[in-house]
Colleague: 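Below: one structure in structure tokens.
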Amino acid sequence: MKRWVIVAALLVVIMAVAAPLFSWWERHRIVETIKFFPLDREAVFTEAKTTLVLGAKKERERYTLRWSTTSTLNRRAYLRQDISLLFADGRLIDVLSKWETDVDTIRMEKTVMTHDSRFFQAITFHHGELHKGEVITSSQTMSSTYLYVIDSPYYPLTSFRRPKTDDEREWQRVLNKAANEFLRHKADELLDYFSLSKDDYYALYLPELVAYTEQPLPGLSTAKTQTMIGRLWEGLYKSYVLGIKKEDGSILSPIGSTMPLILIQKDYRRILILLEAKNGEKVMLIQVP
């Protein structure tokens with residue numbers, strides 16, 4: 001009888017220790033996975049927004065940028081997850097990511113300290129995983145924003161999205177030109193390095209992907225476009241946001257890398273994602289839709 005009491009007590013202790021460990025493992029597994037499932041036509045986002053707001057004052061020659069996202073699904077989801085990427089002048093400067101279970105809404109916010117006149121772009125992928133018995137579906141959308149910030153000793157600290165004055169129009173022209181020339185130069189280097197012809201692909205930069213939230217890619221239906229986008233973000237999260245995975249198994253931080261250039265083969269057989277890491281290493285990620 002005593003032996004059974006001892007065994008029962010040991011089982012209780014083991015279960016007490018194992019339960020939180022399993023919970024941690026399950027949470028860790030979920031947070032490192034965005035999985036595309038067939039889209040649920042009834043689950044839609046009633047709100048999806050990304051914002052950038054300049055702080056009022058400078059501190060030690062630096063200014064603050066408040067970066068926030070919010071999204072609401074029209075029902076609670078087994079898993080809600082949002083990922084937002086912030087770029088400045090064509091380079092990734094920060095990442096926001098959050099997930100919660102059994103919720104409909106996700107909100108994220110971060111204050112970024114930076115300096116100099118810059119062109120900021122942010123894109124967010126809003127995702128929901130829904131379970132109905134053994135059937136698993138998903139819902140997704142994207143949101144984005146941009147902001148020009150002028151930080152010059154000859155001009156008061158200011159920001160705008162659409163220029164209203166001649167000065168702001170000139171700043172917009174200068175910042176757009178600098179970012180576009182930088183990205184064009186890097187694209188040429190990457191295409192040459194990997195021996196690729198841009199003519200064989202539909203090419204766009206990651207923030208431009210938001211244009212296909214409601215319209216299809218050339219020659220594709222809206223449904224197939226959304227499937228491709230969902231799988232693209234699944235791959236981006238796994239092989240870029242969580243760290244750039246190299247063939248030798250090592251991982252590079254995505255921070256400081258160039259804005260991903262997405263090359264979609266015109267026959268839609270594969271998608272290439274080209275970028276240069278902060279250390280100058282050129283990277284190509286390959287995905288089969």
Side-chain angles (χ1 to χ4, degrees), residues 19-52 66-86 94-110 122-145 206-217 220-243 254 260 262 271 273 287-289:
L21 286 175
F22 177 80
S23 176
W24 174 87
W25 176 84
E26 181 67 12
R27 289 168 65 87
H28 189 70
R29 181 189 67 81
I30 290 173
V31 76
E32 292 201 357
T33 304
I34 280 186
K35 183 69 176 174
F36 176 80
F37 293 98
L39 292 171
D40 190 323
R41 294 182 180 179
E42 297 179 354
V44 296
F45 282 88
T46 58
E47 182 182 24
K49 184 167 63 174
T50 301
T51 59
L52 293 171
R66 186 166 59 84
W67 168 30
S68 61
T69 75
T70 183
S71 64
T72 300
L73 197 61
N74 66 345
R75 63 197 62 200
R76 287 177 175 265
Y78 171 80
L79 175 65
R80 279 289 341 273
Q81 187 163 3
D82 284 358
I83 305 106
S84 190
L85 307 180
L86 179 62
D94 214 335
V95 175
L96 268 177
S97 181
K98 185 177 182 181
W99 63 273
E100 291 187 37
T101 57
D102 194 29
V103 299
D104 56 3
T105 299
I106 291 282
R107 292 187 179 90
M108 303 188 293
E109 184 173 315
K110 187 171 186 178
I123 181 169
T124 307
F125 182 64
H126 311 279
H127 181 259
E129 182 180 315
L130 301 105
H131 291 203
K132 299 175 183 177
E134 295 183 357
V135 177
I136 303 176
T137 57
S138 61
S139 183
Q140 67 188 40
T141 192
M142 293 179 286
S143 65
S144 67
T145 192
L206 183 57
E208 298 172 321
L209 193 64
V210 75
Y212 298 96
T213 302
E214 296 180 356
Q215 71 180 32
L217 287 159
L220 282 189
S221 66
T222 299
K224 287 184 178 179
T225 296
Q226 292 309 306
T227 296
M228 180 171 287
I229 288 173
R231 288 176 176 162
L232 174 61
W233 275 102
E234 178 183 339
L236 277 170
Y237 186 67
K238 179 180 179 182
S239 300
Y240 178 65
V241 176
L242 293 178
I262 300 170
I271 299 174
I273 301 165
Q287 184 168 340
V288 179

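Here the structure is a predicted model, which is why all the values come from computation and not from measurement.
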Colleague: In Å and rounded to the nearest 0.5 Å, what is the CH2 to CD1 distance from Trp233 to Ile34?
Modeller: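 Reported to 0.5 Å precision, the distance equals 8.0 Å.
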
Colleague: Sequence neighbours excluded, which residues qualify as salt bridge (charged side-chain N to carboxylate O under 4.0 Å, His left out) partners of Glu100?
Modeller: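 So Glu100 forms a salt bridge (charged side-chain N to carboxylate O under 4.0 Å, His left out) with Lys98.
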
Colleague: How many angstroms lie between atom OG1 of Thr124 and atom CG of Leu85, to the nearest 0.5 angstrom?
Modeller: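 Going from OG1 on Thr124 over to CG on Leu85, the span is 7.5 Å.
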
Colleague: Flag the pair Leu206 / Ile273 as yes when at least one side-chain heavy-atom distance between them is below 4.5 Å, and no otherwise.
Modeller: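 Counting from C-beta outward, Leu206 and Ile273 never come under 4.5 Å.
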
Colleague: If we ignore angles and hydrogens, is there a donor and acceptor under 3.5 Å between the side chains of Thr69 and Asp82?
Modeller: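 Side chains of Thr69 and Asp82: no pair found under 3.5 Å.
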
Colleague: State, yes or no, whether a side-chain contact exists between Ile271 and Ile262 at a heavy-atom distance under 4.5 Å.
Modeller: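 Result yes, sub-4.5 Å side-chain heavy-atom pair found.
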
Colleague: Is it true that a side-chain atom of Asn74 and a backbone atom of Val44 form a donor plus acceptor pair closer than 3.5 Å?
Modeller: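 Checked: pair present.
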
Colleague: Within a reach of under 6.0 Å around CD of Glu47, are more than 12 heavy atoms found that belong to other residues, nucleotides or ligands?
Modeller: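 Enclosed.
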
Colleague: Under 4.5 Å between any side-chain heavy atoms of Lys35 and Leu79, yes or no?
Modeller: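 Side chain of Lys35 against side chain of Leu79, heavy atoms only: no contact under 4.5 Å found.
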
Colleague: Would you say Met228 and Tyr212 make side-chain contact, with heavy atoms under 4.5 Å?
Modeller: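 When only atoms from C-beta onward are counted, Tyr212 and Met228 do not touch, as no gap falls below 4.5 Å.
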
Colleague: Could you walk me through whether Lys132 and Asp40 pass the side-chain contact (heavy atoms from CB on, under 4.5 Å) check?
Modeller: CA-CA 11 Å; Lys132 299 175 183 177; Asp40 190 323; 2.9 Å; yes

Colleague: Roughly how far apart are Gln81 CD and Glu129 CD, rounded to 0.5 Å?
Modeller: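 Atom-to-atom, Gln81:CD and Glu129:CD are 9.5 Å apart.
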
Colleague: How would you list, by chain and number, every residue that makes a side chain to side chain contact (heavy atoms under 4.5 Å, CB included) with Ser68, sequence neighbours excluded?
Modeller: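 Only Thr51, Arg66, Glu109 meet the side chain to side chain contact (heavy atoms under 4.5 Å, CB included) criterion with Ser68.
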
Colleague: With sequence neighbours left out, what residues match Lys224 under salt bridge (charged side-chain N to carboxylate O under 4.0 Å, His left out)?
Modeller: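 So Lys224 forms no salt bridge (charged side-chain N to carboxylate O under 4.0 Å, His left out) with any residue.
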
Colleague: Which heavy atom of Ala43 sits nearest to which heavy atom of Ser139, and what is that distance?
Modeller: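 Minimum heavy-atom separation between Ala43 and Ser139: O-OG, 2.8 Å.
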
Colleague: With sequence neighbours excluded, tell me which residues meet side chain to side chain contact (heavy atoms under 4.5 Å, CB included) with Thr227.
Modeller: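 Expected list: Phe36, Arg231.
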
Colleague: Would you call Ser138 and Leu39 a side-chain contact if the rule is heavy atoms closer than 4.5 Å?
Modeller: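 The answer is yes, as the side chains (C-beta and beyond) meet within the 4.5 Å cut-off.
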
Colleague: Taking Ser71 as the fixed residue, which of Arg80, Arg107, Lys49 is the one that meets the side-chain hydrogen bond (donor to acceptor under 3.5 Å, both in side chains) rule?
Modeller: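 Considering Arg80, Arg107, Lys49, a side-chain hydrogen bond (donor to acceptor under 3.5 Å, both in side chains) with Ser71 is found only for Arg80.
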
Colleague: With rounding to the nearest 0.5 angstrom, report the OH to CG distance, Tyr78 to Leu130.
Modeller: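 Tyr78 atom OH to Leu130 atom CG measures 11.5 Å (nearest 0.5 Å).
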
Colleague: For Asp104, check salt bridge (charged side-chain N to carboxylate O under 4.0 Å, His left out) against everything at least two apart and list the hits.
Modeller: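 Expected list: none.
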
Colleague: Check whether any side-chain N or O of Gln226 sits under 3.5 Å from a backbone N or O of Thr213 as a donor-acceptor pair, and report yes or no.
Modeller: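 Side chain of Gln226 to backbone of Thr213: a pair is present.
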
Colleague: Less than 4.5 Å apart, any side-chain heavy atom of Ser144 and any of Thr50?
Modeller: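 Of all side-chain heavy-atom pairs linking Thr50 with Ser144, none is under 4.5 Å.
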
Colleague: Going by heavy atoms in the side chains, are Ile229 and Met142 under 4.5 Å from each other?
Modeller: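 In contact.
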
Colleague: Provide the closest heavy-atom pair for Ala48 versus Ser143 in the form atom of the first, atom of the second, distance.
Modeller: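 Minimum heavy-atom contact is O-CB, 3.7 Å.
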
Colleague: Please tell me if the side chains of Leu209 and Leu232 come closer than 4.5 Å, counting only heavy atoms from C-beta onward.
Modeller: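 They are in side-chain contact.
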
Colleague: Report the distance from atom CG of Asp102 to atom CZ of Arg76, rounding to the nearest 0.5 Å.
Modeller: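 Going from the CG atom of Asp102 to the CZ atom of Arg76 covers 5.0 Å.
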
Colleague: For His127, give me all partners under ring pair (Phe, Tyr, Trp, His ring centres under 6.0 Å), at least two apart in sequence or on another chain.
Modeller: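 For His127, the residues satisfying ring pair (Phe, Tyr, Trp, His ring centres under 6.0 Å) (neighbours in sequence not counted) are Phe125.
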
